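To start, the structure under review is shown below, and the notes come after it.
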Amino acid sequence: MAAVCTASRVLAKKVLSAKALPAISQSSRKLHFSVYGQNNSKVSDGMSTQYPVVDHEFDAVVVGAGGAGLRAAFGLSEAGFNTACVTKLFPTRSHTVAAQGGINAALGNMEGDDWRWHFYDTVKGSDWLGDQDAIHYMTEQAPHAVVELENFGMPFSRTEDGKIYQRAFGGQSLKFGKGGQAHRCCCVADRTGHSLLHTLYGRSLRYDTSYFVEYFALDLLMEDGECKGVIALCMEDGSIHRFRSKNTVIATGGYGRTYFSCTSAHTSTGDGNAMVTRAGLPCQDLEFVQFHPTGIYGAGCLITEGCRGEGGILINSEGERFMERYAPNAKDLASRDVVSRSITIEIREGRGCGPEKDHAYLQLHHLPPQQLATRLPGISETAMIFAGVDVTKEPIPVLPTVHYNMGGIPTNYRGQVITHTPEEGDKVVPGLFACGEAACASVHGANRLGANSLLDLVVFGRACAHTITDICTPGEKLSPLKPNAGEESVANLDKLRFADGNIRTSEIRVNMQKTMQNHAAVFRTGKVLKEGCDKMDAVYQTLDDIKTFDRGIVWNTDLVETLELQNLMLNAVQTINSAEQRQESRGAHSREDFKDRMDELDYARPLAGQVKKPIEEHWRKHTLSTVDPKTGKVTLKYRPVIDHSLDAEDCAAIPPAIRSY
Amino acid sequence: MSLLSACASASKRLVTQGLFVESAFTGYLRTASGAVKDKEPLRKAKTPQGRFDMNDEKTKDPLEKFPDDVNPATKEQGGPRGPEPTRYGDWERKGRCVDF
């Protein structure tokens with residue numbers, strides 16, 4: 001039996017039909033992977049004679065198959081839409097799998113709880129830059145979303161009564177901050193993200209979603225300001241595929257790889273943000289990037305603050321415990337942003353460690369090894385695997401590391417992508433939706449709370465599916481598309497494939513990453529940012545001089561990395577330019593020269609008698625950035641924050657106040 | 001080498017003689033190579049074990065499993081192993097911070 005199956009597998013190659021596997025597929029349900037030459041796809045010559053182009057028609061296309069993408073894809077399939085999921089990675093390899101923290105939801109299993117208190121905590125955590133209607137939507141839907149996940153089979157940890165166990169995490173409080181610590185974080189042992197992704201993927205196989213795995217989405221097909229689909233490159237055979245549909249959902253994740261040190265996978269390259277930028281639409285709040293002070297140099301894993309809590313100290317190249325100078329009382333236990341800035345200042349002033357003097361050391365070998373083993377079990381293993389050091393003898397090299405991008409594609413609370421003009425306000429872009437880390441709804445505002453991002457994925461993935469179900473019906477006829485739509489993307493692909501300049505992709509990428517790490521990281525002042533903007537502009541111009549080596553079209557990873565580099569560059573220039581313009585400190589964006597938050601009223605003093613500043617004079621507004629891809633020039637506009645909740649009687653909006661924990 | 005040629009000839013026979021021969025043959029393979037007893041035995045060992053294959057000792061996981069997977073202090077079932085991950089304010093496991 002085994003040999004028969006082997007023979008048939010070898011002979012049949014990609015063309016698998018029900019006849020070859022009689023015992024396995026009893027039903028006539030379509031297999032979940034795409035078969036070349038499906039009946040709704042046809043080859044077209046309209047665009048290019050050198051690149052074979054296949055046109056597909058679907059009711060909805062989802063780009064990205066992480067937590068948010070999968071939830072949107074099968075939500076749409078469940079509602080009866082013919083859905084395609086285009087992803088450059090196999091769904092269970094998306095970066096969601098690395099999210100080991102938990103999900104927040106006000107289920108009230110450990111003590112009485114109310115989602116309005118979760119709403120308050122999230123609004124406060126976002127430093128009043130989050131849109132309160134989106135936060136209202138997310139926190140109100142949180143219990144339903146978690147229960148729905150649990151019904152899909154996600155094995156949350158339980159209390160003795162069998163209810164989902166919730167623990168205290170992530171700045172959550174009761175009674176609008178006055179009732180003490182809230183226990184809201186649900187988890188699955190220590191692999192919540194992994195379990196979420198596998199649960200969603202397994203669930204999605206029940207429905208008829210067509211998966212296009214290892215298809216790199218190049219660009220959106222826009223016509224008259226409306227999104228009509230996506231054009232993608234099949235990495236396996238080099239064919240170009242145009243997915244025409246009335247609804248496109250972008251769920252491509254964040255762009256951690258613009259920085260030298262980040263916790264993200266190599267595939268977190270901000271493809272969705274770049275596609276939207278090239279379509280002429282703005283991205284929102286890209287300057288808000290969440291850092292962690294102690295990430296392992298080179299590997300990007302974060303070392304817990306517990307190391308410093310147990311007595312670990314940070315030292316510079318002179319062996320000095322430099323935290324004593326920056327925080328004389330708290331020393332190494334100062335808050336995360338103080339520690340990040342201190343490390344960065346030490347490195348900038350030349351006291352960094354290592355051959356390139358670009359990191360600091362976290363010393364633990366002065367602590368008794370027994371104490372380390374009991375209080376921090378597993379740390380010696382982690383240090384050996386990721387840093388190659390024996391933690392009982394050598395210090396661990398650390399530097400501030402990017403963990404999450406709060407900014408992204410601006411959407412409303414329903415997941416529809418919006419643009420903004422001062423006259424008309426927020427305007428929906430028809431046919432385009434976004435969810436997950438790629439989108440900025442904006443629920444995280446200026447700073448993300450722990451365990452809220454997994455919630456963001458499922459709630460807004462579902463919201464996109466619901467919105468599309470409300471607006472459209474399955475099987476609607478598609479509006480006509482120009483036969484040569486997407487030819488610029490193919491021209492760009494061709495140019496990169498035969499690029500013969502002087503600088504390699506990897507060199508340009510490292511230049512960009514080091515520039516961003518040195519200039520747009522935690523330590524931000526006007527001078528440093530301006531210098532960074534000029535350097536980034538120079539690096540952007542070197543893209544014209546790029547050199548690639550692989551001229552083939554089948555599985556050309558050199559080409560795909562170069563396309564990803566183009567996407568990263570667009571994200572990087574917007575990030576650093578938005579940071580340079582924003583002259584205040586709010587949440588994750590903190591500047592040494594403008595240390596305070598600048599709102600329309602000064603909330604540190606009594607409000608009576610104060611005059612509201614007009615929007616041009618204060619900074620409680622979203623940044624909308626656009627780039628001209630040819631020159632790399634960034635234009636910035638601003639959009640006001642939405643301060644009202646969805647239902648003022650059900651849940652009152654929270655007026656801004658000074659944020660202190 | 002002889003084992004490989006035996007495999008090749010055996011596979012030709014398998015096509016004609018079907019399951020019966022196969023089960024006897026794999027039984028022979030399993031005992032010959034001294035393969036580790038798994039929870040569910042492999043139908044056919046994937047590669048023959050040679051002299052140089054190292055005996056892979058299972059490294060001891062520093063985080064111990066709770067009895068019955070129930071945390072004795074918090075009575076949580078199916079929760080994270082080892083000390084409470086959020087004890088330092090961030091989500092920590094094996095010294096790595098995964099969420100904060």
Side-chain angles (χ1 to χ4, degrees), chain A residues 1-4 6-7 98-102 155-160 162 165 167-171 185 187-193 263 290 292 294-296 301-310 336 372-383 386 391 396 403-404 450-451 453-454, chain B residues 6-27 29 42-46 58-66 68-100:
Chain A
M1 188 60 187
V4 171
T6 324
Q100 291 184 351
F156 285 105
S157 62
R158 304 280 171 170
T159 61
E160 279 181 307
Y165 183 86
R167 50 176 30 83
F169 182 58
C185 180
C187 72
V188 176
D190 54 8
R191 51 179 195 282
T192 312
T263 59
Q290 194 175 39
H292 189 273
T294 49
I296 298 184
C301 300
L302 302 175
I303 293 283
T304 176
E305 289 161 47
C307 290
R308 289 176 279 129
E310 291 296 331
R336 279 195 291 273
L372 271 183
T374 43
R375 298 289 186 81
L376 291 165
I379 192 168
S380 42
E381 190 187 73
T382 302
F386 294 106
V391 82
I396 308 174
H403 183 65
Y404 188 82
S453 67
L454 283 174
Chain B
C7 280
S9 54
S11 61
K12 289 202 202 89
R13 272 183 288 141
L14 275 174
V15 176
T16 46
Q17 290 184 31
L19 280 165
F20 175 68
V21 176
E22 192 224 355
S23 55
F25 185 69
T26 51
L29 264 185
L42 296 171
R43 277 193 294 272
K44 181 173 167 185
K46 293 243 167 24
K58 195 159 157 39
T59 48
K60 195 158 165 10
D61 193 1
L63 298 179
E64 303 223 333
K65 203 166 143 75
F66 293 122
D68 282 337
D69 218 10
V70 177
N71 185 329
T74 56
K75 306 283 182 291
E76 180 187 4
Q77 295 170 1
R81 292 188 200 174
E84 169 63 33
T86 55
R87 63 194 189 284
Y88 294 114
D90 55 6
W91 192 289
E92 173 267 342
R93 186 166 196 267
K94 291 193 180 175
R96 285 173 67 179
C97 164
V98 286
D99 201 5
F100 55 94

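The figures that follow rest on heavy atoms only: side chains count, while hydrogens, waters and symmetry mates do not. Note that the coordinates shown come from a computational prediction; the quantities given were computed from them, not determined experimentally. Below, chain A is the first sequence line, B the second, and so on; all start at residue 1.
Taking both residues in full, the closest heavy atoms of B/G78 and A/S157 are given as O-CB, 3.3 Å, listed atom of the first, atom of the second, then distance. Here the shortest heavy-atom pairing between A/R375 and B/Y88 reads O-OH, 3.9 Å. Nearest heavy-atom pair, A/R167 versus B/E84, reported as atom, atom and distance to 0.1 Å: NE-OE2, 2.7 Å.
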Would you sort out whether B/F100 and A/H403 count as a side-chain contact (heavy atoms from CB on, under 4.5 Å), showing the intermediate values?
CA-CA 9 Å; B/F100 55 94; A/H403 183 65; 3.5 Å; yes
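Between B/E76 and A/R158, none of the side-chain N atoms (NZ, or NE/NH1/NH2) sits under 4.0 Å from a carboxylate O, so this pair counts as no salt bridge.
A/E305 contributes atom CD, which lies 12.5 Å from atom CZ of B/R87 (distance to the nearest 0.5 angstrom). For the atom pair CG (A/L302) and CZ (B/R96), the distance works out to 8.0 Å, reported to the nearest 0.5 Å. With rounding to the nearest 0.5 Å, the separation of SG in A/C187 from CG in B/D99 is 11.5 Å. Residue A/Q100 holds its CD atom at 10.5 Å from SG of B/C97, rounded to the nearest 0.5 Å.
Not one N or O on the side chain of A/T382 forms a donor-acceptor pair closer than 3.5 Å with the backbone of B/G95.
Note: B/W91 and A/F169 have perpendicular aromatic rings, judged against thresholds of 30 and 60 degrees for the angle between ring planes.
Here B/D90 is the residue among B/T74, B/V70, B/T86, B/D90 with the most heavy-atom pairs under 4.5 Å with chain A. Ranked by heavy-atom pairs shorter than 4.5 Å toward chain B, the options A/Q290, A/R308, A/H292, A/E310 are led by A/H292. Listed options A/T304, A/L372, A/D190, A/I379 were ranked by heavy-atom pairs under 4.5 angstrom with chain B; first place goes to A/T304. The residue among A/A383, A/G309, A/A373, A/C301 with the most heavy atom pairs within less than 4.5 Å of chain B is A/C301.
Side-chain contact between B/E92 and A/L376 is present, with at least one heavy-atom pair separated by less than 4.5 Å.
Proximity to chain B (any heavy atom under 4.5 Å) is shown, for A/P155, by neither the backbone nor the side chain. Neither the backbone nor the side chain of A/Y404 has a heavy atom closer than 4.5 Å to any heavy atom of chain B. Residue A/A168 touches chain B through its backbone alone, counting heavy-atom pairs closer than 4.5 Å.
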